[in-house]
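Proteins come first, then strands; the chains are lettered A, B, ... in the order of their sequence lines, and each starts at number 1.
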2 protein chains.
Amino acid sequence: MQITKAGEYGVLGLIALARRPVGEVVMVDVLCEEEAIPRSFLGKIFQNLTKAGVVKSSRGSGGGFCLSRSAAEITALEIIEAVEGPIALQRCLETEPDCEHIGGCALCGLLTEAQDRIKEVFAKTSLADLAQRHLPNGLVQQARDRSLIPLKRDGQIGEKTNEAIFDGPLKQV
Amino acid sequence: MQITKAGEYGVLGLIALARRPVGEVVMVDVLCEEEAIPRSFLGKIFQNLTKAGVVKSSRGSGGGFCLSRSAAEITALEIIEAVEGPIALQRCLETEPDCEHIGGCALCGLLTEAQDRIKEVFAKTSLADLAQRHLPNGLVQQARDRSLIPLKRDGQIGEKTNEAIFDGPLKQV
DNA sequence: GCGAATCGGACCATTTTAGTCTTAAAATGA
DNA sequence: TCATTTTAAGACTAAAATGGTCCGATTCGC
Ligand code: FES
Ligand code: FES
């Protein structure tokens, strides 16, 4: 009953990508650093996102990934299902159920309801929403390591803040 | 992102138990047969339910399990958490989060919301609710094997129905 | 007190996660 | 054209979780 690490990284990676203007192509190394994700793992995850049509890939030098459409049009549900496969709280709720139980399975009734609620939540939040209220994970950790307090989202500055921390790959804070 | 087999069997087993009047002690073998659950597995699952105070156990001959209170007072959430541990869609949402990410993690925000919805659904359905709208799994399968159509919940009788199928351990249909 | 019945808990096999590594293919630009 | 850069694809692996069995300690009925 947990979301998998792959799903988690997928969302995080895309959030990092969504901080850029649409169409800007950025390579996986950069995204990994920003969100503190193991490099080669995110690569594999983004393959699935490419197949699902969420991002476009271009190889060779100067290559990388970019969103295939505006972040506002990409839903969290789409991302998670692209990475983890369709959400199914139980085998009987998969696209082809394998259970012989005719109508009247209370368990699957319950699970269906729960599953619908989850999907609702995931479907109604867009990648843009997420990107807006997210502080880059990796950079926050770096700040901590150097015992600095990072910039707050609202624009206030922490006591020992060093603005340079957030300078590198991303600009507006 | 799936409920585990143990959780599933736990609920199913308790539903079978809830078909009896409260306090009636019945051994695990019977429950297993009714819901088609591997015998010794359900035993282990019920251990957890005992610890959690959902059922009471008594050993020795004539022993077995019984509900510790009325089925209406037992919630699905309680059952599932007793068997699988607290519901946490991600490590950061566990009782003691291990993540260094300060405020502003969009992912965990999203996941928290989803998790709350799930818990709501599970918390609002009682074991009694479930038992009411459930056709015993194992018996349905047995009926199928003998190519009989089982009794419908609403009282209508299927074409080739054999009433005896549902006679054994459970009474009112 | 005895033997049968039943849970309790240790144990084990298989599958899934969470990654890594290597090789190939494509794009850039010198 | 050729070296370099970057993803694509997929084989491979260690570790954890799942799904389940089995036997021994208890307890009950007699
Ligand atoms: S177990 Fe298959 S429908 Fe519920
Ligand atoms: S990853 Fe820890 S709070 Fe979101």
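Looking only at side-chain heavy atoms (C-beta outward), B/P38 and B/Y9 come within less than 4.5 Å of each other. The closest side-chain heavy-atom distance from B/I118 to A/L89 is not below 4.5 Å.
Backbone-only engagement by A/F65 is indicated by non-hydrogen atom pairs under 4.0 Å involving sugar-phosphate atoms exclusively.
One can place CG of A/L42 at 10 Å from P of D/dT7, the figure rounded to the nearest angstrom. Straight-line distance from the CE atom of B/M27 to the P atom of C/dC7: 8 Å, rounded to whole Å. When the C1' atom of C/dG9 is taken as reference, atom NZ of B/K51 falls 8 Å away, rounded to whole Å. As rounded to whole Å, 14 Å separates atom P of C/dG8 from atom NZ of B/K56. The nearest whole Å value for the distance from the CG atom in A/D29 to the P atom in D/dT6 is 7 Å. Atom pair A/Q90:CD and D/dT18:C1' shows a separation of 15 Å (rounding to whole Å applied).
A salt bridge is absent between B/R91 and B/E94: the closest approach of a Lys/Arg side-chain nitrogen to an acidic carboxylate oxygen does not fall below 4.0 angstrom. In summary, A/R19 and A/E34 engage in a salt bridge, as defined by a charged side-chain N under 4.0 Å from a carboxylate O. The residues B/K124 and B/E78 are annotated as not salt-bridged, no charged nitrogen and carboxylate oxygen being separated by less than 4.0 angstrom.
Going from atom CG of A/D129 over to atom OG1 of A/T75 covers 10.0 Å, rounded to the nearest 0.5 Å.
Minimum interatomic distance between A/E81 and A/I87 (heavy atoms only, all atoms of both residues): OE2-N, 2.8 Å.
One donor-acceptor pair, N or O on each side, does fall under 3.5 Å between the base of D/dA9 and the side chain of A/Q47.
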(message) For nucleotides 13-23 of chain C, give me one character per nucleotide, 5' to 3': B if any protein heavy atom sits under 4.0 Å from the base, S if the only such contacts are to the sugar-phosphate, - if neither.
(response) -----SBB---
(request) List the protein contact pattern of nucleotides 23-30 of chain D with one symbol per nucleotide (5' to 3'): B for base contact, S for sugar-phosphate-only contact, - for none; contact means a heavy-atom distance under 4.0 Å. (result) ---SBSS-
Exercise answer: donor-acceptor pairs, residues 45-67 of chain B side-chain atoms, under 3.5 Å, sequence neighbours excluded:
{"residue": "B/T50", "atom": "OG1", "partner": "B/F46", "partner atom": "O", "Å": "2.6"}

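When each of B/Q2, B/K5, B/E8 is checked for a side-chain hydrogen bond (donor to acceptor under 3.5 Å, both in side chains) with A/Q90, only B/E8 meets the rule.
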